[in-house]
Amino acid sequence: MNTDWDALWPVFTDSIGQTLWMVAATMLVGGFLGLLLGILLYTTRRGGLLENRLLHAALNILVNFVRPIPFIVFITAIGPLTLSVVGTTIGTGAATFALIIAATFGVSRIVEQNLITIDPGVIEAARSMGAGPGRIITTLLVPEALAPLILGYTFVFVGVIDMTAIAGAVGGGGLGNFALAYGYQRFNWTVTWIAVLTIVLLVQVAQFLGNRLARRTLRR
């Protein structure tokens, strides 16, 4: 099957741009909100800096409720919320909104799990010297877990790229939509595989950079 790349090339490059935009916005906003939620999960647990069992239980239930939902189900299930906030349930903006919410809960658990690995004795030593919760969190907890957090965020980054492809199935734009609309639905396997290989390339670059940054952080 002949492929008219003169017509498809602008659509392809736009799709790459949409995917990169969705990933960047999701990692920036969802990554930050997930960091805050993860820290809150860790600090409100029993014996934590801000121990609050009721709040911790509520947050734990919320995270455990949202995380297992497959993204293609999640993006459709929150359609009414997306419509009220974004004004539409299709397109890059709507998909990004759903991605941010999903990433927030995914990141929060990764942050919490990495913070748990920190030696409690180090935290107790900081508390005994009069350091407050805010100072301990910003100068001890996050720096101590930085390398594992980088690897965790790299894992999430790769997952977000995968989710942007899924978002294409419900009109979210990006490379997933390009592969479906111009490849699969037209039985053009060349276009489909070019989209697939582009996604794989993005994942490989992200994984390489994440691993390298984590190694450099560990050496410090």
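Computed from a prediction, not measured in an experiment: that's the story for all the values here.
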Are [X] and [Y] grouped together when hydrophobic residues (ILVMFWY) are joined by side-chain heavy atoms under 4.5 angstrom apart?
X	Y	value
I110	L35	yes
V63	F32	no
W9	L20	yes
L55	L33	no
M27	L99	yes

If you take all heavy atoms of [X] and [Y], which pair is closest and at what distance?
X	Y	answer
A95	M22	CB-SD, 3.8 Å
L81	I101	CD2-CD1, 4.1 Å
T96	W21	OG1-NE1, 4.1 Å
A94	T82	CB-CG2, 3.7 Å

Find the distance between [atom1] ([X]) and [atom2] ([Y]) and round it off to the nearest 0.5 Å.
X	Y	atom1	atom2	answer
T44	L50	OG1	CG	7.5 Å
N64	N60	CG	CG	4.5 Å
H56	E112	NE2	CD	5.5 Å
L41	F105	CG	CZ	10.0 Å
I137	I123	CD1	CD1	9.5 Å
L36	T104	CG	OG1	9.5 Å

Side chain proximity check, [X] to [Y], heavy atoms < 4.5 angstrom:
X	Y	answer
R45	E51	no
D14	V11	no
Y42	L141	yes
F178	V191	yes
F187	T192	no
L201	L197	no

Tabulate below the donor-acceptor pairs under 3.5 Å that side-chain atoms of residues 65-78 make, not counting sequence neighbours, or state none.
unit_1	atom_1	unit_2	atom_2	d
T76	OG1	I72	O	3.3
T76	OG1	V73	O	2.7

Establish, from distance only, whether the side-chain atoms of R109 and N114 form a donor-acceptor pair under 3.5 Å.
no
With distance as the sole criterion, is a donor-acceptor pair present between the side chains of Q207 and N211 under 3.5 Å?
yes
Please tabulate, one pair per line, all N/O donor-acceptor pairs under 3.5 Å involving side-chain atoms of residues 142-164, not counting sequence neighbours.
unit_1	atom_1	unit_2	atom_2	d
Y153	OH	G31	O	2.8
T154	OG1	I150	O	2.8
T164	OG1	I161	O	2.6

Audit row: L202, L175, side chain to side chain contact (heavy atoms under 4.5 Å, CB included) steps and yes/no:
CA-CA 11 Å; L202 291 175; L175 287 167; 4.1 Å; yes
With a sphere of 6.0 Å drawn around CD1 of I90, does it hold more than 12 non-hydrogen atoms of other residues, nucleotides or ligands?
no
